[in-house]
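These notes concern the structure reproduced below.
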Amino acid sequence: MLFNYFMCIAVVIVLVAATYIIFFRKKTQSFEAQEIDPYNFEYICNGTKEDIHAVLRQHPEDLNLNEFETKKLKKQKDELKKNISKCTSGDIGAKSYVKDYISSILQQKRHINETNIDKCIPFEDASQLTTEQKYYILLNWYENQYDEDGFSHLLKDNGFDQLREGRFYVGKSDIEVLYNRLNPNMDITFTDKMNILTQLVYQKIYGHGCVDQTRDSKIDGISVGVSGIPSEMFSYSKKKIQASMEANKGNLSFSYDSVWVLFEGKQIHLNCLGCHSEKELQRVCKNLYKYKAKGNLSENRGFIFNTMKDGSRVSVSRPPFSDSWFAIVRKHSAGMLVTLEDQISGVNSDKVITIIKSLILGEKSVVITGGQGCGKTTLMRNLISIIRSWYTIRVEESVVELNLRQILTNQNILSFCENDVISGQDALNFSKKTDTDVLIMGEVAEPAVAAWLVQSSQTGGPITVSSNHALTTPKLLSWFRNALLRFAGFSSERVAMEQAVDSIPFDLHMKLYKATGERFAERLTEVIPVPDERQYILNDIFSYDVHTGKFTILSRISPEKESEIMENLFEDEKAAFMAAFEGIKYRYEDKQKEVC
């Protein structure tokens with residue numbers, strides 16, 4: 001009996017040993033045989049991220065250091081944590097701090113140096129570089145040459161901002177050809193290589209992925225996920241995918257690989273960049289909107305608007321509300337350096353600028369109209385900069401875009417932004433109690449805001465400046481009339497229109513000519529109330545011909561408004577204003593009775 005017991009134990013031991021040898025030892029030996037490449041990009045990114053997280057997880061008080069060293073280490077940890085939380089918000093200072101920290105880890109802990117950095121990115125072997133790596137090398141080189149204008153020169157110097165084959169684009173072949181042409185003369189130093197590697201590691205771990213560096217360039221905006229096959233099509237049959245490939249001549253692309261940049265009014269497709277996975281696209285979209293976000297994106301809340309720290313406006317959406325994840329960034333900060341003279345140029349532009357300045361100095365309210373991307377926000381900043389320095393300015397916006405206190409640092413300016421608790425009406429009521437001379441309404445895109453603008457034009461102050469997407473003055477007035485009927489308690493269309501006409505004396509219309517990206521002031525229209533069934537007549541003061549580049553002064557301003565403007569101008573301003581209309585008559589001068 002005892003013998004059989006020991007025999008059973010022996011058999012079990014043999015079986016366990018055999019199982020270990022067959023299944024586990026072989027796998028362990030195979031795993032040990034695998035060599036880890038310390039210069040693999042993914043390995044470097046993961047290792048760097050872990051190094052940073054280790055610093056953030058540590059407790060300096062547990063390291064048995066003296067009081068001075070403990071406080072120093074704790075301060076460094078808090079500084080790193082703070083900058084990591086801010087680096088994706090458009091805060092260039094925080095981003096630079098995190099990138100410097102990553103660079104120090106790469107060199108000190110990952111032991112990247114001049115002799116081995118080419119193992120991370122094959123800088124010296126163009127045949128081994130990917131198209132995206134070549135793009136980042138080129139962008140770094142152009143930025144070394146032209147600083148913040150680097151991306152602009154990359155496009156303009158190579159004709160990438162021109163219409164080609166019926167579209168604006170930068171293809172992979174464009175980058176390949178350009179790199180091969182410039183490579184012999186680029187002379188990439190170790191510092192350049194470290195900057196490029198650090199940027200790529202940063203944008204992979206914390207940044208905005210493939211759009212990170214380009215987003216910081218001097219552009220009007222950037223979009224990701226807005227073209228290509230949406231993620232919802234991934235489950236389509238092979239037959240449908242084949243049909244899509246045939247329709248696109250084999251150039252099939254997915255939404256996660258679409259990057260578009262808005263540059264000088266032109267939407268340019270950067271075919272050379274992409275997120276390369278749906279997971280990365282989602283990460284980039286979430287990163288872009290999270291700065292002080294009022295909520296989180298979810299299936300139930302399918303879209304969100306927000307503003308980054310640098311003033312950029314972000315619009316993000318996801319399925320099922322939209323057909324794919326996407327993010328659109330509008331960089332209003334790019335327009336801060338554009339002057340009124342830059343915006344309004346051409347034959348007779350000096351007269352047009354004088355007329356526009358006289359409207360503001362003459363304390364006349366203006367609505368700037370036009371489609372998206374035509375330069376309304378930039379023009380509004382320029383008009384506000386004309387306001388007398390002793391006037392107090394109050395700004396009310398649904399989304400912060402103007403950032404006037406960054407530009408007009410010596411002006412008395414307060415800005416208010418509605419939120420989930422404080423409505424726009426409450427903000428308007430409060431602004432009336434803050435010594436308001438000029439009320440800036442920002443973009444009037446909602447009927448409720450239009451009703452507030454009419455209120456402010458009646459009681460808010462001598463000047464109201466706002467913007468709207470209307471394409472014609474009659475449509476602008478009708479839109480305001482309908483807004484009053486809906487939100488301001490008006491029951492009579494006629495009375496609502498009278499209020500709208502009284503609130504909008506001038507419509508300054510901007511336009512974007514998409515074939516060339518040119519933005520221009522197409523016309524200035526005066527709205528004149530009349531006591532008959534028409535209720536108003538329109539007086540075009542000037543117009544612009546995009547083909548000839550010439551402004552034409554069409555009519556003087558109506559005598560009543562011209563007199564009111566003159567009352568508020570200084571003598572030299574009066575002379576310039578009158579000179580702008582020299583030889584020009586008021587359109588309705590011979591029919592004055594119609595506008596009494």
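We're numbering straight along the sequence, starting at 1.
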Pairing residues for Asp118 by the side-chain hydrogen bond (donor to acceptor under 3.5 Å, both in side chains) criterion, not counting sequence neighbours: Lys193
task: Could you tell me whether Glu446 atom CD has more than 12 heavy atoms of other residues or ligands within 6.0 Å of it?
output: no
- request: Would you mind reporting whether Ile121 and Leu200 have side-chain heavy atoms less than 4.5 Å apart?
  value: yes
task: Mind listing the closest non-hydrogen atom pair of Met308 and His208 along with its distance?
output: CE-CE1, 3.8 Å
- prompt: Do Ser103 and Tyr202 have a side chain donor and acceptor closer than 3.5 Å?
  reply: no
message: Which heavy atom of Leu379 sits nearest to which heavy atom of Met510, and what is that distance?
response: CD2-SD, 3.4 Å
- prompt: Are side-chain heavy atoms of Thr48 and Ile44 found at a separation under 4.5 Å?
  reply: yes
message: Is it the case that the side chains of Asn300 and Ser298 hold a donor-acceptor pair, with the cut-off being a distance below 3.5 Å and no angle test?
response: no
- prompt: Just checking, Arg313 and Phe305: is the charged tip under 6.0 Å from the six-membered ring centre and within 45° of the axis?
  reply: no
Arg181 vs Asn158 side-chain heavy atoms within contact, under 4.5 Å: yes
message: Is it the case that over 12 heavy atoms from other parts of the model lie below 6.0 angstrom from the NZ atom of Lys279?
response: no
Gln162 side chain vs Gly159 backbone, donor-acceptor pair below 3.5 Å: no
query: Do you know the tightest heavy-atom contact between Cys210 and Gln203?
result: CA-NE2, 4.2 Å
message: Working to the nearest 0.5 angstrom, can you tell me the gap between Cys87 SG and Lys309 NZ?
response: 11.5 Å
message: Just checking His153 against Tyr146, ring centres under 6.0 Å apart?
response: yes
- request: Flag yes if more than 12 heavy atoms outside Asn66 fall under 6.0 Å of its CG atom; otherwise flag no.
  value: yes
message: Is it the case that the side chain of Gln213 and the backbone of Gln199 share a donor-acceptor pair, with hydrogens and angles ignored and the cut-off at 3.5 Å?
response: no
query: Is there side-chain contact between Leu106 and Thr198, with heavy atoms separated by less than 4.5 Å?
result: yes
statement: For Asp257 and His276, the nearest pair of non-hydrogen atoms, with its separation, is OD1-N, 2.8 Å
message: Using modelled atom types and a 3.5 Å cut-off, is there a donor and acceptor pairing between side-chain atoms of Ser312 and backbone atoms of Lys331?
response: no
query: Do the side chains of Asn271 and Val170 get nearer than 4.5 Å, heavy atoms only?
result: no
field: Proximity of Phe430 and Phe416 rings by center, below 6.0 Å
entry: yes
message: Check this for me, if you would: do Asp323 and Arg318 make a salt bridge, where the nitrogen-to-carboxylate-oxygen distance has to be below 4.0 angstrom?
response: no
- prompt: Would you say Asp91's side chain and Ala94's backbone share a donor-acceptor pair under 3.5 angstrom?
  reply: yes
- request: Measure up the Tyr97 and Tyr101 rings against each other and bin them: parallel (under 30°), tilted (30 to 60°), perpendicular (over 60°).
  value: parallel
Residue pairs involving residues 196-208 (criterion salt bridge (charged side-chain N to carboxylate O under 4.0 Å, His left out); sequence neighbours excluded): Glu42-Lys204
message: A quick test of your reading: do over 12 heavy atoms of other residues, nucleotides or ligands sit less than 6.0 Å from NZ of Lys514?
response: no
- prompt: Going by an N to O cut-off under 4.0 Å, is there a salt bridge joining Arg57 and Glu50?
  reply: yes
field: Side-chain donor/acceptor of Arg283 to backbone N/O of Gly207, under 3.5 Å
entry: yes
- request: Might you point out which heavy atoms bring Gly295 and Tyr289 nearest each other, and give the distance in Å?
  value: O-CE1, 3.7 Å
task: For atom CZ of Phe303, decide whether the heavy atoms of other residues, nucleotides or ligands shown that lie under 6.0 angstrom number more than 12.
output: no
- prompt: Going through the distances and angles, do Arg519 and Asp220 end up as a salt bridge (Lys or Arg N to Asp or Glu O under 4.0 Å)?
  reply: CA-CA 12 Å; Arg519 301 178 175 98; Asp220 299 323; 2.8 Å; yes
query: Is Asn140 reaching over with its side chain to a backbone N or O of Tyr136, donor-acceptor style, under 3.5 angstrom?
result: no
message: Measuring only between side-chain heavy atoms, which start at C-beta, is Gln343 closer than 4.5 Å to Thr378?
response: yes
- request: State plainly whether the residues Lys95 and Asp212 are in salt-bridge range, i.e. N to O under 4.0 Å.
  value: yes
- prompt: Is the backbone N or O of Val338 less than 3.5 Å from a side-chain atom of Asn382, with the two atoms forming a donor-acceptor pair by type?
  reply: yes
- request: Answer yes or no: is there an ion pair linking Lys71 with Glu67, defined by an N-O contact shorter than 4.0 Å?
  value: yes
N/O donor-acceptor pair under 3.5 Å between Asn83 side chain and Val98 backbone: no
query: Is Lys156 reaching over with its side chain to a backbone N or O of Asp161, donor-acceptor style, under 3.5 angstrom?
result: no
Side-chain ion pair, Lys82 and Asp78, N-O less than 4.0 Å: no
query: Going by an N to O cut-off under 4.0 Å, is there a salt bridge joining Lys218 and Asp149?
result: yes
Minimum side-chain heavy-atom gap Ser223-Val329 below 4.5 Å: no
field: From CG (Leu281) to CH2 (Trp325), nearest 0.5 Å
entry: 8.0 Å
query: With distance as the sole criterion, is a donor-acceptor pair present between the side chains of Thr131 and Glu176 under 3.5 Å?
result: yes
Shortest non-hydrogen contact between Arg405 and Ile413, atoms and distance: NH1-O, 3.4 Å
query: Do Asn183 side-chain atoms and Tyr179 backbone N/O form a donor-acceptor pair below 3.5 Å?
result: no
message: Do Ser127 and Asp125 pair up side chain to side chain, a donor and an acceptor below 3.5 Å, judged on atom types alone?
response: yes
Flag side-chain contact, heavy atom, 4.5 Å: Trp260 against Val224: no
